[in-house]
Enquirer: 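Quick one: structure below, then a few questions.
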Amino acid sequence: MTNQEIIDLTNRHVTNTYRRFPITIVKGEGRRVWDADGKVYLDFVAGLAVCNLGHCHPAVVKAIKEQAEKLIHISNLYYIESQAELAKLLCENSFADKVFFCNSGAEANEAAIKLVRKYFHNRGEDRFQVISMEKSFHGRTMAAMAATGQKKIREGFEPLLEKFSYVPFNDVDAVRRAIVPRTAAIMIEPIQGEGGVILPSDGYIKELKALCKEEGILLIFDEIQVGMGRTGRLFAYEHYGVMPDIMTLAKGLAGGIAIGAMLATDDVASAFTPGSHASTFGGNPIAASAGIASVNAIIEENILDNCRKIGTYLFERLDGLKRKYHFIRETRGKGLIIGMELDIPGADIVNICLQKGLLINCIGEKILRFLPPLTVTETEVDEMIGILSTVLDGYK
Ligand SMILES: *Cc1c(COP(=O)(O)O)cnc(C)c1O
């Protein structure tokens, strides 16, 4: 089918929940993707921070193929070798002792919120309220949406799940004031993604941890977007010298295959017992095998070094554009999640970049977001800057 035929068919039969660009991507390799009409694009979106290893990384493809030929699905009624191995890999490389597998980010956050409630319930403590951040994004299911500090995401779906409150990011005092005797946890993205690539100020994450300890409540890091190497460390929390009690992962965890994971310490995770929570597909052989291949590749293929090195280079190149274009207000980010805040709307810029063969993304109307695969090269950054500059020239 051509791009247009696929678009027409989609509009006829798929629910209209996405404002899509008018192309169909049919093939990907490394940092390039191809549309149905054969046009090639340089990809600085990476499937929304999912394809951290680039498209169709050979090790991930191989793992999926080999597993598909052996066993595709069996359910959690039985033990699954690749699930156990992926859990071990994640625990060995993080604060966590235990992992619960599911199929998406929202589901991982649901699991985290349920675990927090069960943990305090088991201890006989009446704590169930969760404090999250304004501008946060935690997903679209009922609990994850209730945790999300953005009105536009919750609007029209009321009544919301109760017992969530929101405080401004980077304001420890606001958290302290929001804590009530029923507070169970603080839930936070160490770096806010959808909210506009917002970085924590110095000491903020550490102070949150101290506050949690002081109050006897749990700390949940949502690293669905910034985990899996995106910031130049395997997990973003490593930058801040603080470990959470619970962490959620998804996006980049399995090289593009749908997966979600909730990691926790033994003490907290033990609140879940047989029957507490479940997922038919969670940790299935294919997703887990792809996850093992991805995590191993991130660790063994110098991906984190490349992310830090190219991240610095990309940041400098983007920041340098400020001198040329007065409408660029600020560039910010860590590793290869970088936001560029403009004084003008970004949607058209993204559209013109697309026409010129470059995929970038715009959040909150005026923030361009750059999320290339972590394998991106300096040459590709130069190419991207070249296209972007040509487009921005039109706004001078
Ligand atoms: C994408 C995202 C989610 C939701 O993940 P889904 O897989 O779409 O459910 C949750 N939290 C953060 C920080 C995200 O970036």
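Start at 1 and go down the list; that is how both ligands and their atoms are numbered. Only this structure's heavy atoms are used, side chains among them; waters, hydrogens and symmetry mates stay out.
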Enquirer: Would one find an N or O of E194, backbone or side chain, under 3.5 Å from an N or O of ligand 1?
Expert: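 There is no such contact.
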Enquirer: May I ask you to check if ligand 1 and E107 share an N or O to N or O distance below 3.5 Å?
Expert: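 Looking only at distances, the answer is no, because the N/O contact criterion of under 3.5 Å is not met.
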Enquirer: Atom 5 (O) of ligand 1: which protein heavy atom is closest, and how many Å away?
Expert: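 The protein heavy atom lying closest is G105 CA, 3.3 Å.
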Enquirer: Less than 3.5 Å between some nitrogen or oxygen of Q225 and one of ligand 1, yes or no?
Expert: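 N/O-N/O distance below 3.5 Å exists for this pair.
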Enquirer: Verify the distance criterion only: is there a donor paired with an acceptor across the side chains of N103 and S279 at less than 3.5 Å?
Expert: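 Side chains of N103 and S279: pair found under 3.5 Å.
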Enquirer: Answer with yes or no whether the side chains of T148 and R154 bring together a donor and an acceptor at under 3.5 Å.
Expert: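 Their side chains do not contain a donor-acceptor pair, so the 3.5 Å distance test is not met.
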Enquirer: Report the part of A250 (side chain from C-beta onward, or backbone N, CA, C, O) that has a heavy atom under 4.0 Å from ligand 1; answer both or neither where that applies.
Expert: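 No part of A250 comes within reach of ligand 1.
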Enquirer: Under 4.0 Å, heavy atoms only, figure out whether ligand 1 is touched by the backbone of H138, its side chain, both or neither.
Expert: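 Backbone only.
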Enquirer: Tell me which protein heavy atom sits closest to atom 15 (O) of ligand 1, plus the residue, atom name and distance to 0.1 Å.
Expert: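 Nearest protein contact, heavy atoms only, for atom 15 (O) of ligand 1 is K251 NZ, 2.6 Å.
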Enquirer: Tell me, which protein residue and heavy-atom name are nearest atom 12 (C) of ligand 1, and how many Å apart are they?
Expert: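 Sorting protein heavy atoms by distance from atom 12 (C) of ligand 1 puts F137 O, 3.4 Å first.
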Enquirer: Between W34 and E29, does the side-chain contact (heavy atoms from CB on, under 4.5 Å) criterion hold? Intermediate values first, please.
Expert: CA-CA 9 Å; W34 286 260; E29 191 186 318; 3.8 Å; yes
Enquirer: Show the atoms of ligand 1 that are less than 4.0 angstrom away from any heavy atom in E189.
Expert: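 Checking each atom against E189, I get 13 (C).
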Enquirer: Quick check on E162: does its CD atom have over 12 non-hydrogen neighbours (other residues, nucleotides or ligands) under 6.0 Å away?
Expert: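 Counting neighbours around CD of E162, 12 or fewer heavy atoms of other residues, nucleotides or ligands fall under 6.0 Å, so no.
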Enquirer: Below a 4.0 angstrom heavy-atom separation, can you tell me which part of R140, side chain or backbone, both or neither, approaches ligand 1?
Expert: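 The answer is neither.
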Enquirer: When you look at CZ of F327, are more than 12 heavy atoms from neighbouring residues, nucleotides or ligands closer to it than 6.0 Å?
Expert: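 Yes, the 6.0 Å shell around CZ holds more than 12 heavy atoms from other groups.
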Enquirer: Could you check if a side-chain atom of I205 sits within less than 4.5 angstrom of a side-chain atom of F221, using non-hydrogen atoms only?
Expert: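 Touching, per the 4.5 Å side-chain cut-off.
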Enquirer: Can you find a protein heavy atom under 4.0 Å from atom 7 (O) of ligand 1?
Expert: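 Neighbour list for atom 7 (O) of ligand 1 includes protein heavy atoms (cut-off 4.0 Å).
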Enquirer: Is the side chain of D43 donor-acceptor paired with the backbone N or O of V33 at a distance under 3.5 Å, no angle test?
Expert: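 The answer is no, because no donor-acceptor pair under 3.5 Å joins these two groups.
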Enquirer: Would you say K309 has more than 12 foreign heavy atoms packed within less than 6.0 Å of its NZ?
Expert: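 Check fails, neighbour count at 12 or below.
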Enquirer: Polar-atom distance check: I224 versus ligand 1, any N or O pair below 3.5 Å?
Expert: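 Checking ligand 1 against I224, no N or O pair falls under 3.5 Å apart.
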Enquirer: Can you tell me the protein heavy atom closest to atom 11 (N) of ligand 1 and the distance?
Expert: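 Looking at atom 11 (N) of ligand 1, the protein heavy atom closest to it is D222 OD2, 2.8 Å.
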Enquirer: For S104, counting its heavy atoms only, list the atoms of ligand 1 lying under 4.0 Å from any of them.
Expert: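 The list of qualifying atoms is 7 (O), 9 (O).
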Enquirer: Can you check whether F370 reaches M384 side chain to side chain, under 4.5 Å on heavy atoms?
Expert: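 Result yes, sub-4.5 Å side-chain heavy-atom pair found.
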Enquirer: Under 3.5 Å, N or O to N or O, is G139 touching ligand 1 that way?
Expert: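 For ligand 1, there is no N or O atom that lies under 3.5 Å from one belonging to G139.
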Enquirer: Is it the case that over 12 heavy atoms from other parts of the model lie below 6.0 angstrom from the CD atom of E5?
Expert: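 Yes.
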Enquirer: Can you report which non-hydrogen protein atom sits closest to atom 9 (O) of ligand 1, along with the distance?
Expert: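 Going atom by atom, the protein heavy atom closest to atom 9 (O) of ligand 1 ends up being A106 N, 2.7 Å.
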